[in-house]
Amino acid sequence: MNAVPELPYAYGAPSLDGVLRARPEDFVVDELLGFEPSGAGDHVLLQVRKRGINTPDAARLIARHAAVPLRDVGYAGLKDRHAVTSQWFSVPLPGKPDPDWTLLNSERLTVSAARRHNRKLRRGALTGNRFSIVVREPRGDAAGLPARIQSVIEGGVPNYFGEQRFGHDNVNRARQMLAGTIQIRDRFERGIYLSALRSHLFNTVLAQRVIDGTWCRAVAGDVMMLDGTRSFFVAETIDEVVLRRLAEHDIHPSGPLWGRGELPSRAEARGIEETALSPLAEDCAVLAREGLEMERRSLRLVPRYVAWEQGDNILRVHFDLPAGCYATVILRELINTGAAASA
């Protein structure tokens with residue numbers, strides 16, 4: 001199951017089809033920064049509205065306009081080209097006045113706000129993203145849609161990495177790069193391929209837990225992640241406290257983001273992970289040799305807010321997701337669009 005569309009569903013394949021991304025305005029993403037700019041400091045935080053341009057290309061335009069090295073421009077996350085997105089960038093300007101940011105404005109990019117701040121914006125430094133997505137020409141049996149949406153609200157969905165993470169052939173290119181059959185020297189590009197391979201291993205474990213029906217349930221030895229954090233603990237036994245916290249979405253079962261070090265899972269949970277990854281043992285070994293550390297990711301994604309409405313031959317869905325999670329995995333449980341959506 002290399003492709004995201006082939007991964008198992010939590011609630012069965014949807015009975016509705018539709019068209020996603022008929023135009024960029026059908027896929028709107030707003031970054032939720034989670035803090036206010038300090039108002040003073042050596043950096044400028046720019047809020048930028050983008051259409052038809054990805055994050056690295058926007059960063060290049062900003063760096064060129066501010067006359068700073070590209071590596072010094074910070075951003076919290078990557079946003080897709082085929083969408084209308086709002087996100088923040090940081091630009092170091094110690095002891096310098098702001099350039100005229102309005103000169104950056106174009107059909108593809110508009111500066112919405114510019115505020116001084118005391119530090120560079122780092123990857124992951126956001127609380128989440130707000131999505132407003134239009135699916136056009138829905139067709140099929142819509143009678144079950146309200147119940148499916150309620151299931152997603154109450155139970156969440158499998159927290160797969162979405163198709164954007166894998167590009168056209170990123171997993172195979174990662175394997176070729178690590179085997180030395182292709183040479184990739186650019187650090188950013190190498191990181192993309194390593195992340196794709198690591199994400200593929202995670203999706204493989206999660207897919208097995210979906211098949212087993214345990215992606216949202218606790219098994220002995222599960223590594224439980226605290227909601228909204230990277231903190232975790234091992235549930236050696238499943239008691240009433242664990243079950244209550246799981247039902248309240250305070251904790252979630254997790255799966256491995258592979259790297260060097262030992263799996264923290266135990267008992268049944270560890271057996272599931274080792275069995276799922278045994279055909280991919282060489283991928284695990286090369287990721288560990290690359291120096292990546294063993295980490296964890298929640299198996300369950302519970303949207304923080306969901307609303308929807310049906311209009312004239314469209315379905316409009318709104319939801320908030322934590323940072324690092326993909327709109328694809330919400331949409332795929334509701335409607336078959338046959339296209340990727342990204343975080």
Side-chain angles (χ1 to χ4, degrees), residues 1-14 147-163 165-166 198-239 242-258 263-280 294-304 306 319 321-334 336 341 343:
M1 292 181 289
N2 291 322
V4 173
E6 299 173 7
L7 295 170
Y9 294 93
Y11 306 107
R148 291 183 74 93
I149 291 177
Q150 192 62 33
S151 295
V152 168
I153 292 171
E154 295 178 358
V157 299
N159 191 24
Y160 292 123
F161 283 96
E163 292 183 14
R165 176 58 63 98
F166 302 103
R198 201 183 195 198
S199 301
H200 171 59
L201 300 185
F202 175 87
N203 278 4
T204 299
V205 171
L206 176 50
Q208 186 58 55
R209 296 280 299 246
V210 174
I211 291 170
D212 294 344
T214 62
W215 64 276
C216 57
R217 296 194 293 108
V219 300
D222 249 331
V223 180
M224 293 293 182
M225 297 201 74
L226 276 66
D227 185 61
T229 77
R230 295 185 179 181
S231 300
F232 61 80
F233 66 92
V234 179
E236 299 285 359
T237 58
I238 309 305
D239 57 22
V242 168
L243 293 176
R244 175 181 56 79
R245 296 181 69 186
L246 193 63
E248 294 174 350
H249 301 160
D250 179 47
I251 59 175
H252 310 282
S254 71
L257 294 174
W258 202 269
L263 279 171
S265 52
R266 297 289 182 266
E268 184 181 354
R270 183 164 184 163
I272 294 171
E273 292 172 6
E274 290 179 340
T275 300
L277 292 177
S278 60
L280 303 172
M294 188 77 74
E295 297 178 288
R296 305 294 292 188
R297 175 180 169 92
S298 171
L299 296 179
R300 179 172 65 172
L301 167 60
V302 180
R304 297 170 177 171
V306 179
F319 48 85
L321 298 183
C325 298
Y326 290 77
T328 304
V329 301
I330 299 290
L331 292 174
R332 75 189 298 270
E333 295 286 349
L334 303 179
N336 177 28

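FYI, side chains are in, hydrogens and waters are out, and symmetry mates aren't considered; it's all heavy atoms of this structure.
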Answer yes or no: is there a donor N or O on one side and an acceptor on the other, between the side chain of [X] and the main chain of [Y], under 3.5 Å?
X    : Y    : answer
H249 : L301 : no
Y11  : S151 : yes
E333 : A10  : yes

Just to verify, what does [X] make a side-chain hydrogen bond (donor to acceptor under 3.5 Å, both in side chains) with, not counting sequence neighbours?
X    : answer
R245 : D250
N159 : R297
R165 : S199, Y326

[atom2] on [Y] to [atom1] on [X], rounded to 0.5 Å:
X    : Y    : atom1 : atom2 : answer
L299 : Y160 : CG    : OH    : 10.0 Å
R198 : L257 : CZ    : CG    : 5.0 Å
L280 : W258 : CG    : CH2   : 10.5 Å
L201 : L206 : CG    : CG    : 12.5 Å
L7   : N203 : CG    : CG    : 5.5 Å

List the residues meeting salt bridge (Lys or Arg N to Asp or Glu O under 4.0 Å) with [X], not counting sequence neighbours, and say none if there are none.
X    : answer
E268 : none
R300 : none
E248 : R244

Can you name the residues that form a side chain to side chain contact (heavy atoms under 4.5 Å, CB included) with [X], not counting sequence neighbours?
X    : answer
L243 : I238
S254 : V223, M225, R296
T229 : L226, S231

So, for [X] and [Y], which heavy atoms are closest and what is the spacing to 0.1 Å?
X    : Y    : value
P14  : N336 : CG-N, 3.7 Å
H252 : V302 : CE1-CG2, 4.0 Å
A276 : T204 : O-CG2, 3.7 Å
P256 : M294 : CB-SD, 4.3 Å
V210 : P158 : CG2-CG, 3.7 Å
P253 : L246 : CD-CD1, 3.5 Å

Output every pair passing salt bridge (Lys or Arg N to Asp or Glu O under 4.0 Å) with a member in residues 218-239, not counting sequence neighbours, ordered by first then second residue.
R209-D222
Less than 4.5 Å apart, any side-chain heavy atom of L263 and any of E274?
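Counting from C-beta outward, L263 and E274 do come under 4.5 Å.
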Between E273 and S265: side-chain donor-acceptor atoms closer than 3.5 Å
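E273 vs S265: donor-acceptor pair found between side chains.
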Does anything in residues 202-239 pair up under ring pair (Phe, Tyr, Trp, His ring centres under 6.0 Å), and if so which pairs, sequence neighbours excluded?
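Only F161-F202 qualify under ring pair (Phe, Tyr, Trp, His ring centres under 6.0 Å).
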